[in-house]
Amino acid sequence: METTVTSWPYAERVQRRRTNAVRGALLSLLITAPLPASALNGHLSIRYWDYRLEGGTTDTERLDFQRDLSARTDDRIGLALWLRPSPAWLPELGYRRSPLDVSGQQTRQTGLQIGDLTLLPQTREALVDADLDNHSLTARYTITMSPAISLLPGLTLRQIDGVVRIRDGDDIAVDDERIDEWFPQLHLALRWQPQPALALHLTGEWIEASGRLADGFEAAVRWSPAEGPVAIEAGWAQQRYRFSAGDDRVRARFAGPFAGLGLAW
């Protein structure tokens, strides 16, 4: 019997999250530095994404994330920062970060098989823990279709970064698989604002090349009570990936509802 579990030492998790916070702060400073505050509008949101993982990985055999590994997800807090310079020829810039953390395990019965008889049966477990970060940078332009509807085409550069750690049963040795995948994507968003306090956002991103795929879709409703700077957001998001990591071919789909708060200026 084999179990596959992915796990991360606590100190390493903390260090990675500190690094991500510093990365986001530096990015904000780099973007905002060239322009005076009066020439820059923006929106910052923090959200909780209740995502579920589906798909599988294939090496010598195919393992389904749910059926074979009983995958569980964790660390669901993400953020998004959008900056809109007032000169019309400058694009709207966005940085988004969402964690993709998964752990699972698999138990298998092994031994010498003679017909239907198993000799010297053994139970083996494998533990798997994946701690990944999903970063993206987007540049897009606003095309006003009507007073309430805007179309926003652009380009996104996405990075999936982190480590998958596999430990076989009681074995002290740990197999680390580094993940560092980059995806340039086409970006298209639709913004419909029928009232000043209410807006609907639809966003899609896609790239498929050389056997690799990264696409996503998001539908969000944003409501600003009393038309103030604070907004309540809710919606549904999906991200799909297909790539190779070492000898493994990965197909993954993260999807689920989200809710959060936003601040506009």
Side-chain angles (χ1 to χ4, degrees), residues 17 20 23-24 27 42-56 65-66 71-83 92-103 130-140 142 149-162 179 181-193 198-208 212-224 230-243 250-264:
R17 288 166 186 167
N20 292 333
R23 183 185 302 177
L27 177 65
H43 183 268
L44 173 66
S45 63
I46 299 177
R47 63 174 57 166
Y48 177 88
W49 184 24
D50 187 17
Y51 62 86
R52 172 183 169 87
L53 171 63
E54 297 177 348
F65 290 134
Q66 292 299 328
R72 304 177 302 277
T73 55
D74 194 11
D75 195 4
R76 304 165 182 267
I77 304 298
L79 65 87
L81 173 65
W82 290 95
L83 299 173
E92 180 179 358
L93 301 175
Y95 168 74
R96 290 166 289 168
R97 183 260 177 187
S98 60
L100 301 175
D101 289 358
V102 180
S103 62
D131 188 7
L132 306 177
D133 281 317
N134 180 356
H135 303 274
S136 67
L137 289 172
T138 299
R140 64 187 187 184
T142 300
I149 299 176
S150 297
L151 197 63
L152 298 96
L155 296 174
T156 292
L157 180 61
R158 185 175 303 278
Q159 180 195 24
I160 306 297
D161 174 47
I179 305 295
E181 298 290 328
W182 293 80
F183 302 94
Q185 296 176 292
L186 299 176
H187 175 100
L188 182 63
L190 175 68
R191 182 187 299 147
W192 178 47
Q193 191 166 2
L198 182 66
L200 171 66
H201 297 258
L202 300 177
T203 304
E205 292 170 316
W206 172 86
I207 186 65
E208 184 174 9
R212 302 168 74 246
L213 168 72
D215 66 20
F217 175 78
E218 177 181 304
V221 176
R222 184 178 300 160
W223 175 59
S224 303
V230 178
I232 300 172
E233 303 177 353
W236 185 87
Q238 169 186 285
Q239 297 177 12
R240 298 189 305 168
Y241 301 98
R242 185 177 69 236
F243 59 89
V250 178
R251 291 175 179 265
R253 175 180 179 267
F254 301 85
F258 65 84
L261 295 175
L263 177 65

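Just so you know, these numbers come straight off a predicted model, no measurement behind them. Side-chain atoms are counted along with the backbone in the values below, which use heavy atoms only and exclude waters and symmetry mates.
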Hey, could you give me the [atom1]/[atom2] distance between [X] and [Y], rounded to the nearest 0.5 Å?
X    : Y    : atom1 : atom2 : result
I179 : I160 : CD1   : CD1   : 9.5 Å
L263 : I46  : CG    : CD1   : 9.5 Å
R240 : F254 : CZ    : CZ    : 13.0 Å
R191 : T203 : CZ    : OG1   : 9.0 Å
L44  : L81  : CG    : CG    : 6.0 Å
R72  : D101 : CZ    : CG    : 12.5 Å

Does the [X] side chain pair with the main chain of [Y], one donor and one acceptor, at a distance under 3.5 Å?
X    : Y    : answer
D161 : N134 : no
E92  : W82  : no
Y51  : D74  : yes
W49  : G256 : yes

Could you give me the CA-CA distance, side-chain angles and deciding distance for L79 and Y95, then say whether side-chain contact (heavy atoms from CB on, under 4.5 Å) is met? CA-CA 8 Å; L79 65 87; Y95 168 74; 4.0 Å; yes
Determine whether D215 and F183 satisfy the following criterion, side-chain contact (heavy atoms from CB on, under 4.5 Å), listing intermediate values before the conclusion. CA-CA 9 Å; D215 66 20; F183 302 94; over 6 Å; no
Q185 and S136: side-chain contact (heavy atoms from CB on, under 4.5 Å), yes or no, with the steps? CA-CA 10 Å; Q185 296 176 292; S136 67; 5.7 Å; no
Within the 4.5 Å heavy-atom criterion, are [X] and [Y] side-chain neighbours or not?
X    : Y    : value
L100 : D133 : no
D50  : Y48  : yes
E205 : T138 : yes

Least distance between heavy atoms, [X] atom then [Y] atom:
X    : Y    : answer
I77  : R97  : O-NH1, 3.6 Å
A71  : Q66  : O-NE2, 3.5 Å
H43  : G262 : NE2-CA, 3.8 Å
A219 : L202 : CB-CD2, 3.6 Å
H187 : L152 : CD2-O, 3.7 Å
Q193 : L198 : CG-O, 3.2 Å

Only counting residues at least two apart or in another chain, list the ones meeting side chain to side chain donor-acceptor pair (under 3.5 Å) with R251.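 R251 satisfies side chain to side chain donor-acceptor pair (under 3.5 Å) with no residue once adjacent residues are dropped.
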In sequence, state the C-alpha distance, the side-chain angles, and the governing distance for L186 and L155, and then conclude on side-chain contact (heavy atoms from CB on, under 4.5 Å). CA-CA 5 Å; L186 299 176; L155 296 174; 3.8 Å; yes
Sidechain N-carboxylate O distance under 4.0 Å for R96, E218: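 Salt bridge flag = no for E218 with R96.
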Can you establish whether the number of heavy atoms outside W236 located under 6.0 Å from its atom CH2 is more than 12?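 Correct, the count exceeds 12.
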